[in-house]
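Order of the sequence lines fixes the chain letters, A, B, ..., with proteins taken first and strands second; residue numbering starts at 1 for each chain. Source: prediction; values computed, not measured. Reckoned from all heavy atoms, side chains included, excluding hydrogens, waters and symmetry mates.
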Protein chains: 2
Amino acid sequence: MTDADTQRMGAAADANVVRRRGTALEDAIFAAAESELTERGFTKTTVKGIAERAGTGKAVLYRRWPNLSELVLDLLRRRSLDLEVPDTGSVRDDLREFLMQACGLLADLPPDAIPGLVASTVQNPELARQISERIGSHRFEDVFRAIFERGAERGEVRPGPYSDRILTLPMKLLRHDLVMGKGVPSHSDIDEVVDVIVMPLMRTAG
Amino acid sequence: MTDADTQRMGAAADANVVRRRGTALEDAIFAAAESELTERGFTKTTVKGIAERAGTGKAVLYRRWPNLSELVLDLLRRRSLDLEVPDTGSVRDDLREFLMQACGLLADLPPDAIPGLVASTVQNPELARQISERIGSHRFEDVFRAIFERGAERGEVRPGPYSDRILTLPMKLLRHDLVMGKGVPSHSDIDEVVDVIVMPLMRTAG
DNA sequence: TTTCCTAAGGAACCTTGCGTCTCTTATCGG
DNA sequence: CCGATAAGAGACGCAAGGTTCCTTAGGAAA
């Protein structure tokens, strides 16, 4: 009986051994991934680190995800994108409310997470699309359109139709700071974007 | 005499051996780096690949740069930032001209280069600052201010002063796409940013 | 309860690239 | 010519990505 055999038998006899399956295991993996990302950043996070933290083996992770980036992408997928469309009676307040919600979705990601994900998946158009979607892309346009159209009916802003450039403007400005490593936009950042750029632009006759 | 000894002596006797020093060597390294980046993308480019392509050893690269990211950053540094301030007589054309120049500096980088660089350096504030600068940052504000002030004198746009939010707007929008892995903005991207966002905003009474 | 199937968990393995070190010697300047 | 230095080549250690193999816990069905 070799040392390895002894070790295996030892493990098998260990009363604390508890194997998880399915959802419970995946929850543990996701929780471990979030912690590793927060503590180490995306660039320094490893599959091994997540596996160990989740109390499992690398092979278990690779049975589910082909690589780290797709695991992290799945982590983003779990966050609800069902944001509420604010209806405060004022375009300005609707925008501020919604942008705060949207930015809050990514508040706990380390600054290198988005650029790191983008860099590692840019060659794969489908993954690139999913990332773009997860961090707020085309879905958000519908919300902004609804806010502007409602405001146009109240005479607050110019009437539509609104081009993609307009509908993507607010998120692009805030996301720019996020992906450039400046961290999550603050409330005053959001206020400035709305008050200095978006509202003046939307009031013009165009 | 071992095989390794024979090999070394063989190399020493090789009439084609030409060692480069200083600038000539660095030029060869930068040229190799550009080619590797173009062919493989940032994520797949290796120090080894660049060294081999430059006909030198890894240690030579590490004598100059602590890692690949700083080599690539130095590559960006070599590109002149002395962009001309256009004076076409029209704000719109000045903007388009300048933005085309600015974007042209990065035209040959693969789409994962900027996000990759950002991700790998975000934890280092000084490097992050330099990258931000290389892909168009605070220096450009002066150019935009000059263009707008000239236009205001002609009555084309509203008068100053112009906040940072205004002065950073065009580059942020283009840079957003760049960092999101969309590649270098096209001329029509630039036209849209100018015509749909910047000019209407700058014409408003504010 | 027993049986069977399957995936969990652990460990070993291979490859690749980062980064380092050593040694020979080409190159340049004095 | 001589001396100093960095180029070039190769070896090395380590870590992480990804893979494979084996034991066995866990769940479902009989």
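Residues satisfying the side chain to side chain donor-acceptor pair (under 3.5 Å) criterion with A:Thr23, sequence neighbours excluded, are absent altogether.
For B:Phe140 and B:Phe98, the gap between ring centers is short of 6.0 Å.
For A:Leu25, counting side-chain heavy atoms from C-beta on, the closest listed nucleotide (D:dG8, D:dA16, C:dA8) is C:dA8. Between C:dC28, C:dC18, D:dG17, one nucleotide has an atom nearer to the side chain of B:Arg21 than all others, and that is C:dC28.
Atom-to-atom, CZ of B:Arg63 to P of C:dG19 comes out at 16 Å; the value is rounded to the nearest Å. Atom pair B:Ile29:CD1 and D:dA7:P shows a separation of 8 Å (rounding to whole Å applied). Separating the NZ atom of B:Lys44 from the C1' atom of C:dC18 is a distance of 17 Å, rounded to the nearest angstrom. The distance from atom CG of B:Leu68 to atom P of C:dG19 is 8 Å, rounded to the nearest whole Å. Nucleotide C:dT15 holds its C1' atom 13 Å from the OH atom of A:Tyr62, rounded to whole Å. Whole-Å rounding puts the B:Arg19 CZ to C:dT27 C1' distance at 8 Å. Computed from coordinates, the B:Arg40 CZ to C:dT16 C1' distance equals 12 Å when rounded to whole Å. Regarding B:Glu52, its CD atom lies at a distance of 12 Å from the P atom of C:dT16, rounded to whole Å.
Put simply, B:Arg64 has a side-chain N or O that comes within less than 4.0 Å of OP1 or OP2 on D:dA7. Distances shown here put a side-chain N or O of A:Thr56 below 4.0 Å from the OP1 or OP2 atom of C:dG9.
Using a 4.0 Å heavy-atom criterion, one finds that B:Ala59 contacts the bases of the nucleic acid, with or without backbone contacts as well.
Remark on DNA chain D: of its neighbouring residues A:Thr46 and B:Val60, the 5'-side contact belongs to B:Val60, judged by nearest-heavy-atom nucleotide.
The base of C:dT27 lies outside donor-acceptor range of the side chain of B:Arg20, with no N or O pair under 3.5 Å. With hydrogens and angles ignored, no donor-acceptor pair closer than 3.5 Å exists between the side chain of A:Lys58 and the base of C:dG10.
Under the 4.0 Å criterion applied to side-chain N and carboxylate O atoms, B:Arg129 and B:Glu133 are assigned as salt-bridge partners.
In this model, a donor atom of one side chain and an acceptor atom of the other lie less than 3.5 Å apart for A:Ser120 and A:Ser69. Defined by atom type and a distance below 3.5 Å, a donor-acceptor pair is missing between the side-chain atoms of A:Asp191 and A:Ser188.
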